[in-house]
Amino acid sequence: MTSLYTTLNLTMSIPVVAVALLAAWRLRGPERRRWLTGVGGALAVVLVLTAIFDNVMISAGLVAYDDALTSGIRLGVAPIEDFAYAVAAAVFVPSVWSLLTAGPREEPPEVDDDEVRILEQPATPGLLTTLFWSSRPVSWVNTAAPFALAYFLATGGFDAVGVIGTVFFLVPYNLAMYGINDVFDYESDMRNPRKGGVEGSVLQRSRHTATLVASAVTTVPFLAYLVLVGSWESSLWLAASAFAVIAYSAKGLRFKEIQFLDSITSAFHFVSPAIVGWTIAGAELSGGVWACLIAFMLWGAASQAFGAVQDVRFDREADLKSVATVLGARTTVWFAVACYAAAVLVLLVAAPWPASGAAFAILPYLATVAAYVRVTDADAERTNEGWRRFLVLNMLAGFCVTQLVLWSVLVWT
C-alpha cells in the first residue's frame with residue numbers, strides 16, 4: 001500500500017515533471033547546458049543540506065515520523081520521502097526560469113545597409129504553445145497548492161477527488177483566469193513593455209477566440225466533476241471561484257477596474273481554491289480556519305495592489321482603472337503595506353498554532369514593499385524590481401507554509 005507521504009509526493013510531482021520535460025524539449029544549445037547546470041548544482045546543494053539538517057533535527061528529537069505513514073526507507077534517520085521537496089524545488093525553479101527567459105531559437109538574418117529592410121512580423125506560435133504561456137506556468141502552483149494543502153489538512157491524505165481537484169487548479173483554472181485576462185487586456189498589454197515574458201504574455205488577436213474556447217472546454221468537465229462529488233457548500237464556493245475568474249476581466253463586469261474590488265477579487269482567486277479544498281473534504285470552516293483565510297485574503301489584496309503600481313502609466317494610457325490609477329502609486333503602496341501588516345497580525349492573534357507561524361512567511365513581502373513607500377506616479381515603474389522578487393518570495397513562502405502543513409499533520413497531531 002502506498003504511504004501517505006509517497007502519495008503526497010507523487011501528486012505534487014506532476015507539475016515538476018511536466019515543466020522539466022518541457023524544458024528538455026524546448027531548450028537548445030547553451031540554454032540547455034545552463035539549465036542542466038542549474039538543476040544539477042541546485043540538486044547537489046539542496047540534497048546535501050536536507051540530508052544534514054533532517055538527520056540533525058530528527059536525531060535531536062525536534063521532529064519525529066510515524067513509520068506507518070512512510071515507505072520505511074531512510075537515509076540515516078531521515079525518511080526518503082523527506083527529500084522529495086528538495087528534488088522538486090531544485091528541478092522546478094531552474095526549469096521555469098530557463099523557459100521564461102529563453103531567447104529566440106534563431107537570430108534574424110543580417111541585411112546590407114543599402115538594402116531595403118523588411119520588417120516581418122514574428123510567426124504566430126502554435127495554439128498549444130500560446131495556451132501554455134497564457135496560463136502563466138510560473139503561477140500554477142500558487143492556485144494548486146492552496147487546494148492541495150487544504151484538502152490534505154482536512155483529510156490527512158489524497159484520493160481521486162484530491163488529485164483531480166489539484167490538477168484542475170493547477171492548469172485549467174489558470175488558463176481560464178489568465179487567458180480571459182489576456183483577451184480583454186490586449187490594448188493595455190500591447191503598451192506594456194514588461195508583457196511578453198516572465199510577467200505575462202501578449203495574446204495575439206488571432207488567438208483570442210481559441211483561448212476563450214479552450215478555457216471553457218478545459219474547465220467545465222472539472223467543474224462538473226467537483227460539483228458531483230462535492231457538497232452544496234463546496235459547490236457554492238466553487239461557483240463563486242469560477243465567477244470571480246470571469247468577472248475580474250470579462251467585458252461588462254471588469255471587477256479589475258473597480259477600486260478595491262479589483263484587489264479583493266484577485267485575492268479570492270488564490271484563496272477560493274483553499275476554501276473549495278477544505279469544504280469538498282467535508283471539513284468545517286471554523287474560527288481558526290477563517291482567520292487563516294482572512295490573512296490569506298489580505299496577503300493577496302496587498303500583492304495585487306502592489307503589482308498594479310508598476311502599470312499605472314500603461315493602464316491610464318489604455319483608459320483602464322485600477323486601485324493604483326485611482327489612489328495613485330504612493331497611496332497604493334501604503335495600502336499594500338497596511339494589508340501585509342494586517343495579515344501578520346491576524347495570524348498571530350487569531351490563528352491557531354502552527355498556522356500562526358505562517359505570519360513569518362509574510363515578513364519578506366512587507367519588507368520588499370515598504371522600500372517603495374516614497375514612490376510617485378512619475379517613477380512608479382521602478383517598483384517592477386520589487387514585483388519580480390515576488391517570483392522567488394512566492395516559492396519560499398509556499399515552501400514554508402507547506403512544511404508547516406506537513407508538520408501539523410504528520411508530527412504535531
Side-chain angles (χ1 to χ4, degrees), residues 8 12 15-16 19 42 46 49-50 53 84-86 88-94 96-97 100 136-153 166 169-170 174 198-199 263 266-275 277-278 289 291-307 336-348 350-372 383 385-409:
L8 178 63
M12 299 308 294
V16 178
V19 170
V46 176
L49 292 176
T50 301
F53 287 104
Y85 74 85
V91 174
F92 185 78
V93 175
V96 170
W97 187 259
L100 294 178
R136 310 293 198 278
V138 75
S139 297
W140 287 357
V141 70
N142 294 340
T143 50
F147 174 89
L149 292 175
Y151 192 86
F152 180 72
L153 267 177
T166 300
F169 285 108
L170 184 73
N174 281 290
V198 68
E199 298 176 76
S263 297
S266 177
F268 190 66
H269 289 160
F270 302 96
V271 177
S272 59
I275 302 178
W278 190 261
V289 173
C292 295
L293 294 174
I294 290 171
F296 196 3
M297 281 288 293
L298 288 167
W299 169 87
S303 298
Q304 188 277 341
F306 181 67
V337 168
C339 286
Y340 281 131
V344 172
L345 289 176
V346 169
L347 286 173
L348 293 178
W353 176 258
S356 58
F360 296 98
I362 301 176
L363 295 180
Y365 293 92
L366 185 57
T368 297
V369 176
Y372 297 95
T383 61
E385 181 183 358
W387 176 251
R388 290 175 69 89
R389 294 176 193 164
F390 281 15
L391 298 175
V392 177
L393 290 179
N394 288 341
M395 296 292 180
L396 293 176
F399 168 77
C400 293
V401 173
T402 300
Q403 293 307 299
L404 281 173
V405 170
L406 294 177
W407 280 30
S408 66
V409 173

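Note that the numbering runs from 1 along the sequence shown for the chain. Keep in mind the model is a prediction, meaning the values are calculated, not measured. Only heavy atoms go into these numbers, but all of them, side chains included; no hydrogens, no water, no symmetry mates.
- Looking at every heavy atom in both residues, His269 comes nearest to Thr143 through O-CG2, 4.0 Å.
- Within the model, atoms OG of Ser266 and CE of Met297 stand 9.0 Å from one another, a figure rounded to the nearest 0.5 Å.
- The only option from Trp140, Phe270, Phe147 that meets the ring-ring contact (aromatic ring centres under 6.0 Å, His included) definition with Phe169 turns out to be Phe147.
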Decide side-chain hydrogen bond (donor to acceptor under 3.5 Å, both in side chains) for Ser139 and Asn174; before the verdict, give the C-alpha distance in whole Å, the side-chain angles of both, and the deciding distance to 0.1 Å. CA-CA 8 Å; Ser139 297; Asn174 281 290; 5.8 Å; no

Using the rule given for side-chain contact (heavy atoms from CB on, under 4.5 Å), can you reason through Val369 versus Phe390, listing the C-alpha separation, both sets of side-chain angles and the distance that settles it, and then say yes or no? CA-CA 10 Å; Val369 176; Phe390 281 15; 3.9 Å; yes

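- Residues Ala267 and Ala301 share a closest heavy-atom pair of CB-N, 3.4 Å.
- Shortest non-hydrogen contact noted between Pro146 and Val141 is CD-O, 3.9 Å.
- Taking the six-membered ring where the residue is Trp, the centroids of Phe306 and Tyr340 are separated by 6.0 Å or more.
- Side-chain contact between Phe360 and Leu363: present, with at least one pair of heavy atoms (C-beta onward) separated by less than 4.5 Å.
- In terms of heavy-atom proximity, Tyr372 sits nearest to Arg389 at OH-NH2, 4.3 Å.
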Evaluate Leu347 against Ile362 for side-chain contact (heavy atoms from CB on, under 4.5 Å), listing each step before the verdict. CA-CA 10 Å; Leu347 286 173; Ile362 301 176; 3.8 Å; yes

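- Of all heavy-atom pairs spanning Ala274 and Leu293, the tightest one is CB-CD2, 4.3 Å.
- Residues Ala361 and Pro364 come closest through the heavy atom pair O-CD, 3.4 Å.
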Report the C-alpha distance between Val337 and Leu366 in whole Å, list the side-chain angles of each, state the deciding distance to 0.1 Å, and finish with yes or no for side-chain contact (heavy atoms from CB on, under 4.5 Å). CA-CA 6 Å; Val337 168; Leu366 185 57; 3.8 Å; yes

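- Considering only residues two or more places apart in sequence or on other chains, Tyr365 meets the side-chain hydrogen bond (donor to acceptor under 3.5 Å, both in side chains) condition with Asn394.
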